[in-house]
Protein chains: 2
Amino acid sequence: MNPAPTNPTGPTGPAAGAAPAAQAGSSPTFSPLYQQIKALITQGLQSGEWKPGELIPSEVELAGRFKVSQGTVRKAIDELAAENLVMRRQGKGTFVSTHHEARAHFRFLRLVPDEGVPHQPDNLIIEVKRMRAPAEVARLLELKSGDAVVYIRRLMSFDGSPTILEELWLPGQLFKGLTAERLVEYKGPMYGLFESEFGTRMIRASEKIRAVGADAGAAQLLGVPDGTPLLCAERVSFTYGDKAVELRRGLYLTANHHYQNDLS
Amino acid sequence: MNPAPTNPTGPTGPAAGAAPAAQAGSSPTFSPLYQQIKALITQGLQSGEWKPGELIPSEVELAGRFKVSQGTVRKAIDELAAENLVMRRQGKGTFVSTHHEARAHFRFLRLVPDEGVPHQPDNLIIEVKRMRAPAEVARLLELKSGDAVVYIRRLMSFDGSPTILEELWLPGQLFKGLTAERLVEYKGPMYGLFESEFGTRMIRASEKIRAVGADAGAAQLLGVPDGTPLLCAERVSFTYGDKAVELRRGLYLTANHHYQNDLS
DNA sequence: GAGTGGTCTAGACCACTAA
DNA sequence: TAGTGGTCTAGACCACTCA
């Protein structure tokens, strides 16, 4: 971890006086101290200094390390908590967020049953292979066309009813040892596997949703007639630094489920 | 506006000393001071003391009025800003949010073109009538079955292409003078009209999204074959106090548009 | 220049957790 | 009892807006 935030407008550490040398003049690239602290903490998360599920240093310790007040560290951590990168627990400390939590399971999967409570679906891996990225996939993953990708196709069922048919493309570089066996063995959400076994943590995603008609293959797997209307959700997931690390295309059967979205 | 926050644990105003009588003991219903301030400000918004687009009192003035420190008022307003109830502008003040803003136009309408920038659609009002609420509508709007509702049906087009077919149900009580003429005359988003003419401001919404096939009526209006897959978005909108004030069912043609959703 | 929100500090006490 | 995050205060200076 870096020793202290760099401040474009003057010497780094104030450490005394009413107001620090945090802002001054009209320097071209200025950011508040707490944003710099936030960036430094994010670096610690990204570099693996603090791993998912672990405790990060206390506010007091970070304040000492960075030579700023506790309030400034607090504001930095507040934002990280708002972005779900860390979780605060009173009396215990601040923990790095992980996908191995009940509350994380439905952060990205927004398909919920029309009645009853959501629960984890059964998972049938249909296909896993390595291939060269098609142009469209390469573009969305910010790879070069022809770079290696891992392709996964799977069918998810709720209470025995096939409901989600999903295709994934992952950068081959980041997921070298990913095999069908590993996927089948692993229980729980796929993002937990990615995090634990491949050190890649998804922190944000962007989805584009359309309605499409089921083609013959999808219709058969989902057990519906050809042309049945399906939700098509195309998701690009990002890790630290807005780096795209997953493309996912899901076909959702919305006969007994719906995509839940709360706008505010 | 109420004079000061009530504090279950002791006298209201500290006004001096290091720590106020904000918390103490183990009283049953306790909430932090800043939450109480937030509730009081929200009351001012709800009661119409400060109307959409208007300036609310400065942090310093509110702090004096409520007998708390500026930092406490700041934290309350921070949360209101995060919930889009108010907007802060450095050097000017804090304003009540309004739907009469460019940035507000696409907060609830998430259908965007596959290429190019979003813009306001053309609007064709098909039908406006008053009716008794069907059971399902009454349930979602938290009305009694048979209560009066305003029913609206309209078609929205982008660049001349019919894309959204929408039905709305509004509580008759709140929208007494709403006629087709008013709707046709009014330019801009419907929520702006509701806010300005009927004093009802939407602040939050919950959507359930499904894929459906176009029925004969929808297919004709949208200019597509029967059975064409469409996105069906059922939205319940809420005003202050989580009171449901609108049910909207939209059918979206997703040939050249998609529903954009960012997960974080 | 006055007033506003934005940042930062320093220090206090509280609620919660775990040893 | 010690350590953590959560709340609250008081006061300072900064950036921005407008008269």
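Below, chain A is the first sequence line, B the second, and so on; all start at residue 1.
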**Student:** Rounded off to whole Å, could you give me the CG-to-P distance for the B:D78 and D:dT7 pair?
**Tutor:**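 From B:D78 CG to D:dT7 P: 13 Å.
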**Student:** Which of the following nucleotides, C:dG5, C:dT9, D:dG5, is nearest to the side chain of A:E59?
**Tutor:** D:dG5
**Student:** Could you give the CE-to-P distance, from B:M87 to C:dT4, as a whole number of Å?
**Tutor:** 18 Å
**Student:** Test the B:R248-B:Y191 pair against the cation-pi criterion, namely NZ or CZ under 6.0 angstrom from the six-membered ring centroid and within 45° of the ring axis.
**Tutor:** yes
**Student:** Indicate yes or no for a side-chain donor-acceptor contact from B:R235 to the backbone of B:K208 under 3.5 Å, with no hydrogens or angles considered.
**Tutor:**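 No, because the side chain of B:R235 does not come within donor-acceptor range (under 3.5 Å) of the backbone of B:K208.
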**Student:** When you get a sec, tell me which of D:dT9, D:dG5, C:dC8 is the closest nucleotide to the side chain of B:T72?
**Tutor:** D:dT9
**Student:** Can you tell me the distance, in whole Å, between the CD atom of A:Q90 and the C1' atom of D:dT4?
**Tutor:**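 It is 8 Å, rounded to the nearest whole Å.
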**Student:** Roughly, in whole Å, what's the span from CD1 in B:I56 to P in C:dG3?
**Tutor:**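 So the CD1-P distance, B:I56 to C:dG3, works out to 18 Å.
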**Student:** Rounded off to whole Å, could you give me the CD-to-C1' distance for the B:Q70 and D:dC13 pair?
**Tutor:** 13 Å
**Student:** Starting the side chain at C-beta, find the nucleotide from C:dG5, D:dT9, C:dT9 nearest to B:R88.
**Tutor:** C:dG5
**Student:** Centre of A:F95's six-membered ring, under 6.0 Å away, within 45 degrees of the axis: is that where NZ or CZ of A:R88 sits?
**Tutor:** no
**Student:** I need the CG-P distance between B:L55 and D:dT17, as an integer number of Å.
**Tutor:**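 Nearest whole value for this atom pair: 15 Å.
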**Student:** Please figure out whether A:V73 or B:S58 has its closest DNA chain C nucleotide nearer the 5' end.
**Tutor:** B:S58
**Student:** Would you kindly give the CZ-to-P distance between B:R89 and D:dT17, to the nearest whole Å?
**Tutor:**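 Result: 10 Å.
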**Student:** Can you tell me if B:K75 touches the phosphate of D:dC8, counting only side-chain N or O atoms and a distance under 4.0 Å to OP1 or OP2?
**Tutor:** no
**Student:** Which of these nucleotides, D:dT9, D:dC8, C:dT7, is closest to any side-chain atom of B:P32?
**Tutor:** D:dC8
**Student:** Could you tell me how far apart B:K92 (NZ) and C:dG6 (C1') are, to the nearest whole angstrom?
**Tutor:**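 Between C1' of C:dG6 and NZ of B:K92: 17 Å.
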**Student:** A:E246 side chain to A:F238 main-chain N or O, any donor-acceptor pair under 3.5 Å?
**Tutor:**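 Not a single qualifying donor-acceptor pair exists.
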**Student:** Run the ring-centre check on A:H257 versus A:F158 and record whether the distance is less than 6.0 Å.
**Tutor:** yes
**Student:** Hey, which of these two, A:Y34 or B:I77, hits DNA chain C nearer its 5' end, going by closest nucleotide?
**Tutor:**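 Counting from the 5' end, the first nearest nucleotide belongs to B:I77.
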**Student:** Have a look at A:R74 and say if it touches a base, only the backbone sugar-phosphate, or nothing, with a 4.0 Å heavy-atom cut-off.
**Tutor:** base
